[in-house]
Protein chains: 2
Amino acid sequence: MALLQFWFDFASTYSYPAAMRIEPLARARRVPVGWKPFLLGPIFAEQGWTDSPFNLHPAKGRYMWRDLARTCERIGLELKAPVRFPQRSVLAARVACLAEGEPWCGEYVRAVFRANFAEQRDISEEAVIGECLGRAGADPALVARAQFAENRGRLRGNTEAAQRLGIFGAPSFTVGDELFWGNDRLEEALEWAAR
Amino acid sequence: MALLQFWFDFASTYSYPAAMRIEPLARARRVPVGWKPFLLGPIFAEQGWTDSPFNLHPAKGRYMWRDLARTCERIGLELKAPVRFPQRSVLAARVACLAEGEPWCGEYVRAVFRANFAEQRDISEEAVIGECLGRAGADPALVARAQFAENRGRLRGNTEAAQRLGIFGAPSFTVGDELFWGNDRLEEALEWAAR
């Protein structure tokens with residue numbers, strides 16, 4: 001089984017259902033998953049975008065919220081309009097860099113996505129991220145450690161690695177050089193890894 | 001069963017697998033299909049784009065061709081790089097406006113998509129479109145009639161109707177006001193129509 005890398009941004013709407021679905025689906029196919037937090041902001045900025053394309057293009061944005069609502073309903077996932085879109089996801093992503101390889105990583109990632117898309121919390125707040133760590137059974141004090149220079153470099157490194165892989169949106173999945181984009185491609189990416 | 005409107009542009013890459021798949025899937029669910037040719041060009045132009053977003057954003061374009069190849073392979077559909085991307089689809093779309101409601105409409109639409117995406121033909125040429133009409137059992141002389149002012153207005157009307165429905169890409173599917181975007185959403189749109 002090849003490793004499937006899961007590239008996500010906590011601000012990204014379709015990363016939410018992907019993050020909630022990935023672990024049981026991967027386990028059923030015995031595919032190992034690598035959690036790869038990254039930031040879409042610098043990638044969008046390279047294309048000259050200063051905001052989410054869903055805000056820049058209102059018709060696309062209106063459609064996305066409706067489609068996301070249908071998608072969440074189909075899989076029984078709660079969805080409430082976030083307090084801000086997109087949210088500032090850098091703090092949550094830095095903490096996720098510390099979580100890589102920890103047994104509580106998946107729980108933490110899901111707690112943050114729920115806080116953003118189901119609980120209308122502001123995930124740029126240290127207290128909210130500390131609470132998510134606590135829910136995952138991890139030490140809330142990690143919030144402070146996530147801001148150390150070394151760890152900030154890890155998140156930058158992930159974003160640069162995403163760009164090198166040709167990633168332009170989230171969620172994305174990679175198996176070696178093979179790239180899959182979107183919550184819709186999760187199953188196909190897992191099949192690819194299990195070939 | 002509600003009517004499912006299928007909005008497509010002959011230049012649109014993901015409209016190709018959608019057009020090839022829609023009839024048997026709709027028949028199995030007894031959902032009636034309306035073929036709605038339209039032009040993406042004016043809709044993209046409103047957003048300030050003078051070319052396909054797949055050309056404007058190279059990373060997205062590279063991904064799309066790879067993803068389309070995988071999609072076509074999965075469903076056993078031939079795919080060869082078109083002679084030009086995007087092709088000028090206005091003539092083919094005008095002829096499709098004449099085909100609406102005719103028993104050969106689906107055959108004609110599929111013949112044009114095959115010409116573009118499997119046979120490396122230039123679908124802006126009258127001879128190519130005439131051949132597609134012939135393959136569908138229709139009169140190749142319709143190519144000339146498609147250029148009459150009245151019929152040109154029909155295509156413009158379709159594009160304006162698409163915009164009013166919030167359509168921003170192709171393929172799209174509508175059931176009443178409910179909008180679905182992308183080849184990936186064909187099954188979900190059919191389920192919606194069959195509720």
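Chain A is the first sequence line, chain B the second, and so forth, proteins listed ahead of strands; every chain is numbered from 1. Excluded from the calculations below are hydrogen atoms, water molecules and symmetry mates; all remaining heavy atoms, backbone and side chain alike, are included.
By the rule that hydrophobic residues join a cluster once side-chain heavy atoms approach within less than 4.5 Å of another member, A:Met20 and A:Val31 end up as members of one cluster. When hydrophobic clusters are built by joining Ile, Leu, Val, Met, Phe, Trp and Tyr residues whose side-chain heavy atoms come closer than 4.5 Å, directly or via intermediates, B:Val90 is not grouped with B:Val109. In this structure, B:Tyr14 is a member of the same hydrophobic cluster as B:Val112, with clusters built from ILVMFWY side-chain heavy atoms closer than 4.5 Å. Linking Ile, Leu, Val, Met, Phe, Trp and Tyr whenever their side-chain heavy atoms come within less than 4.5 Å puts A:Trp35 and A:Tyr108 in one cluster. Taken together through direct or relayed side-chain contacts under 4.5 Å among Ile, Leu, Val, Met, Phe, Trp and Tyr, A:Met1 and A:Val33 form part of one hydrophobic cluster.
Contacts between residues 185-195 of chain A and chain B, counted as heavy-atom pairs separated by less than 4.5 Å, involve A:Arg185, A:Glu188, A:Glu191, A:Trp192. Residues of residues 59-71 of chain A lying within less than 4.5 angstrom of chain B, judged on heavy atoms, are A:Ala59, A:Lys60, A:Tyr63, A:Arg66, A:Asp67, A:Arg70, A:Thr71 in numerical order.
In B:Arg145, the CZ atom is not crowded: 12 or fewer heavy atoms of neighbouring residues, nucleotides or ligands sit closer than 6.0 Å. For B:Glu73, the CD atom sits in a loose shell: 12 or fewer heavy atoms of surrounding residues, nucleotides or ligands are nearer than 6.0 Å.
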